[in-house]
Amino acid sequence: MVVADWGPVVVAVAMFILLSPGLLFQLPARTRVIEFGNMYTSGISILVHAILFFCIYTILIVAIGVHIRSG
């Protein structure tokens with residue numbers, strides 16, 4: 001019997017949706033430091049959100065150890 005760990009997949013998909021630049025917030029924004037729900041993006045904003053994604057994902061998966069097992 002094969003047991004699959006879906007925790008990293010679920011966390012990555014949820015964070016990818018929530019941390020998309022411009023969806024919930026954009027950091028840095030065009031005119032301010034942060035804007036909410038503007039649906040715009042820029043290159044520096046993509047870089048900042050990618051770094052945020054990596055840091056939060058690493059904390060959740062490695063340090064906390066989120067696991068969802070099936071099988």
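Because the structure is a prediction, the values reported are computed rather than measured.
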**Q** Report yes if some heavy atom in the side chain of F36 is under 4.5 Å from a heavy atom in the side chain of L24; otherwise report no.
**A** no
**Q** Under 4.5 Å between side-chain heavy atoms, counting indirect links through other Ile/Leu/Val/Met/Phe/Trp/Tyr residues: same cluster for I56 and I34 or not?
**A**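 Linked within one cluster.
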**Q** Drop me the distance from L27's CG to L47's CG, to the nearest 0.5 angstrom.
**A** 11.0 Å
**Q** Mind listing the side-chain donor-acceptor pairs of residues 14-22 below 3.5 Å, one per line with the distance, residues two or more places apart or on another chain?
**A**
from, atom 1, to, atom 2, distance (Å)
S20, OG, F16, O, 2.7

**Q** Side-chain heavy atoms nearer than 4.5 Å, only ILVMFWY residues, links allowed to pass through others: does that put Y57 and L52 together?
**A** yes
**Q** Tell me which donor-acceptor pairs under 3.5 Å the side chains of residues 59-71 have, and how far apart each pair is, sequence neighbours excluded?
**A**
from, atom 1, to, atom 2, distance (Å)
H67, ND1, D5, OD2, 2.8
S70, OG, W6, NE1, 3.1

**Q** Any heavy-atom pair between the side chains of Q26 and S42 that's under 4.5 Å?
**A**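 Yes, at least one pair of side-chain atoms sits under 4.5 Å.
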**Q** So, do P28 and V48 sit near enough that their side-chain heavy atoms are less than 4.5 Å apart?
**A** yes
**Q** So, for A12 and F53, which heavy atoms are closest and what is the spacing to 0.1 Å?
**A**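 Shortest heavy-atom separation between A12 and F53 comes out as O-CE1, 3.7 Å.
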**Q** Rounded to the nearest 0.5 Å, what's the gap from OG1 on T41 to CG on L23? Could you check?
**A**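 Answer for the OG1-CG pair, T41 versus L23, is 11.0 Å.
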**Q** Would you check if the distance from the ring center of H49 to the ring center of F25 is below 6.0 Å?
**A**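 Under 6.0 Å, so yes.
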**Q** Provide the closest heavy-atom pair for R30 versus E35 in the form atom of the first, atom of the second, distance.
**A** N-OE2, 4.3 Å
**Q** Determine whether a donor-acceptor pair (N or O, by modelled atom type, separation under 3.5 Å) exists between the side chain of T58 and the backbone of F54.
**A** yes
